[in-house]
Amino acid sequence: LLTFGVRFLYAIFVAAFFGEHGFIAHSDAFSFYLRGAENLLYHHVFSLNGEAPYMPDAYRMPLYTAFVAAFLWLKSPLFFIILAQNFMAGFISVFIYRIGRLLGFPYGVNLFAAILTALEPASIYWGNLLLSDYLFAFLFIWSVYEFFMARYYSFALLLGLATLTRPTSLYFFPLFLLVMLLKKISLNKILLAFLIFFIVLFPWLLRNKIVF
């Protein structure tokens, strides 16, 4: 509630003083995500072109663009997208607290980490822009939580979705597999987790190969 509330109040401030333009004030928000979502919705192509021909490209991963396009399809104002991101921020703080508990840190350390996540100024600012940061952070931290809960298949699914939001997760996945090996998780589970991760990414990989 603290994490959501602080960001919600900031979003109201932005909307009151700057209108919806305040949510796309960053150049990437307008050029990459809003325009990309509009092209996906109205021209059925992942493209950043401002006018025809709408040539397909792969400048950004698809999931956040599709996320924004879903709200545009519902005729929702941009404020609702920001509201959804603020909900995600609230859950991120909860996951941070619970991950600390799973790792055996003291209550005070877990609470401090969660409150720091809630009040950190840069995250409040970036979470109220039409950027992929919060969808990525939400999916990634949720996947980490699932990993420490030893739910490796849901971990692989969520990490795959995080990678479809931002490719950074590709660098982390081998590290998680290494930890699974060190924990002596069965090889069948490791291979199945890898397969789930690959299946989630495969349509985008195939699409890019065809477009290329």
Side-chain angles (χ1 to χ4, degrees), residues 3 28 32-33 36-37 40 44-48 56-71 84-85 87-106 109-110 113-114 117 123 126-127 131-212:
T3 309
D28 283 5
F32 286 114
Y33 296 118
L40 178 62
H44 312 294
V45 59
F46 278 102
S47 174
L48 298 181
D57 56 53
Y59 282 106
R60 285 292 185 268
M61 302 298 280
L63 194 60
Y64 187 73
T65 300
F67 174 78
V68 174
F71 280 89
Q85 292 178 185
F87 273 114
M88 292 178 198
F91 282 106
I92 286 171
S93 288
V94 174
F95 284 134
I96 291 292
Y97 174 81
R98 293 181 67 86
I99 288 169
R101 287 186 60 185
L102 290 171
L103 294 176
F105 290 112
V109 172
N110 302 331
T117 305
S123 68
W126 290 108
L131 295 172
S132 62
D133 300 62
Y134 260 94
L135 181 59
F136 168 76
F138 172 66
L139 292 169
F140 179 75
I141 293 173
W142 187 4
S143 74
V144 173
Y145 173 71
E146 293 294 311
F147 182 84
F148 286 117
M149 288 291 290
R151 296 195 283 248
Y152 299 115
Y153 304 148
S154 54
F155 148 76
L157 173 65
L158 289 164
L159 193 66
L161 293 174
T163 307
L164 286 179
T165 309
R166 300 187 76 154
T168 315
S169 306
L170 285 171
Y171 301 109
F172 291 105
F173 188 60
L175 299 177
F176 284 111
L177 293 182
L178 179 61
V179 172
M180 292 174 72
L181 285 171
L182 293 175
K183 292 176 67 176
K184 298 182 179 179
I185 305 301
S186 72
L187 187 60
N188 287 342
K189 285 188 176 182
I190 295 174
L191 290 175
L192 189 52
F194 175 82
L195 183 61
I196 292 169
F197 181 76
F198 178 76
I199 288 171
V200 174
L201 295 185
F202 181 74
W204 182 243
L205 300 175
L206 179 62
R207 176 262 185 197
N208 289 343
K209 179 66 169 64
I210 293 169
V211 167
F212 178 77

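This structure is a prediction, so every number in the text was calculated from the model and none was measured.
The backbone N or O of Asp133 lies less than 3.5 Å from no partner atom in the side chain of Tyr64, so there is not a single donor-acceptor pair. Without hydrogens or angle criteria, Asp57 side chain to Leu48 main chain gives a donor-acceptor distance under 3.5 Å.
Here the closest non-hydrogen pair linking Ala66 and Leu40 is CA-CD2, 3.9 Å. Nearest heavy atom pair, residue Tyr134 against residue Met88, reads O-SD, 4.0 Å. Nearest heavy atom pair, residue Ala84 against residue Phe71, reads CB-CZ, 3.9 Å.
Under a cut-off of 6.0 angstrom, the local environment of CZ in Arg101 is sparse, with at most 12 non-hydrogen atoms contributed by other residues, nucleotides or ligands. In the displayed structure, Phe194 atom CZ is contacted under 6.0 Å by at most 12 heavy atoms of other residues, nucleotides or ligands. By the neighbour-count criterion of 12 heavy atoms within 6.0 Å, atom OH of Tyr59 is sparsely surrounded, having that number or fewer from other residues, nucleotides or ligands.
Pro56 places a side-chain heavy atom less than 4.5 Å from the side chain of Arg207. Side-chain contact between Phe197 and Leu170 is present, with heavy atoms from C-beta onward closer than 4.5 Å. Residues Met180 and Phe147 are in side-chain contact: their nearest non-hydrogen atoms beyond the backbone lie under 4.5 Å apart. Side chains of Val144 and Phe95 form no contact here, defined as non-hydrogen atoms less than 4.5 Å apart. Counting only heavy atoms from C-beta outward, the side chains of Thr117 and Tyr97 never approach each other to under 4.5 Å.
Applying ring-ring contact (aromatic ring centres under 6.0 Å, His included) to Phe155 and the options Phe176, Trp142, Phe172 leaves one that passes, Phe176.
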- [ ] Given side chain to side chain contact (heavy atoms under 4.5 Å, CB included), test Leu63 with Phe67 step by step and report yes or no.
- [x] CA-CA 6 Å; Leu63 194 60; Phe67 174 78; 5.7 Å; no

TODO: Could you check Met61 against Thr165 for side chain to side chain contact (heavy atoms under 4.5 Å, CB included), going step by step and ending with a plain yes or no?
DONE: CA-CA 5 Å; Met61 302 298 280; Thr165 309; 5.7 Å; no

Open item on the list: I'd like to know whether Phe91 forms a ring pair (Phe, Tyr, Trp, His ring centres under 6.0 Å) with Phe87, so could you lay out the CA-CA distance, the side-chain angles of the two residues, the decisive distance to 0.1 Å, and finally the verdict.
Closed with: CA-CA 7 Å; Phe91 282 106; Phe87 273 114; 7.6 Å; no

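Contacts of Thr3 classified as side chain to side chain donor-acceptor pair (under 3.5 Å), with partners at least two apart in sequence or in another chain: Ser93. Taking the side chain to side chain donor-acceptor pair (under 3.5 Å) definition, one finds that Tyr33 meets it with Arg60, Ser132, sequence neighbours left out. Residues forming a side chain to side chain donor-acceptor pair (under 3.5 Å) with Tyr152 (at least two apart in sequence, or on another chain): Lys183.
Atoms CG and CG, from Leu205 and Leu164 in turn, are 8.0 Å apart once rounded to the nearest 0.5 Å.
Ring geometry for Trp204 against Phe46 counts as perpendicular: the plane angle is over 60°, on a 0 to 90° scale with 30° as the lower cut. Ring planes of Phe136 and Phe140: parallel class, angle under 30° (limits at 30 and 60°).
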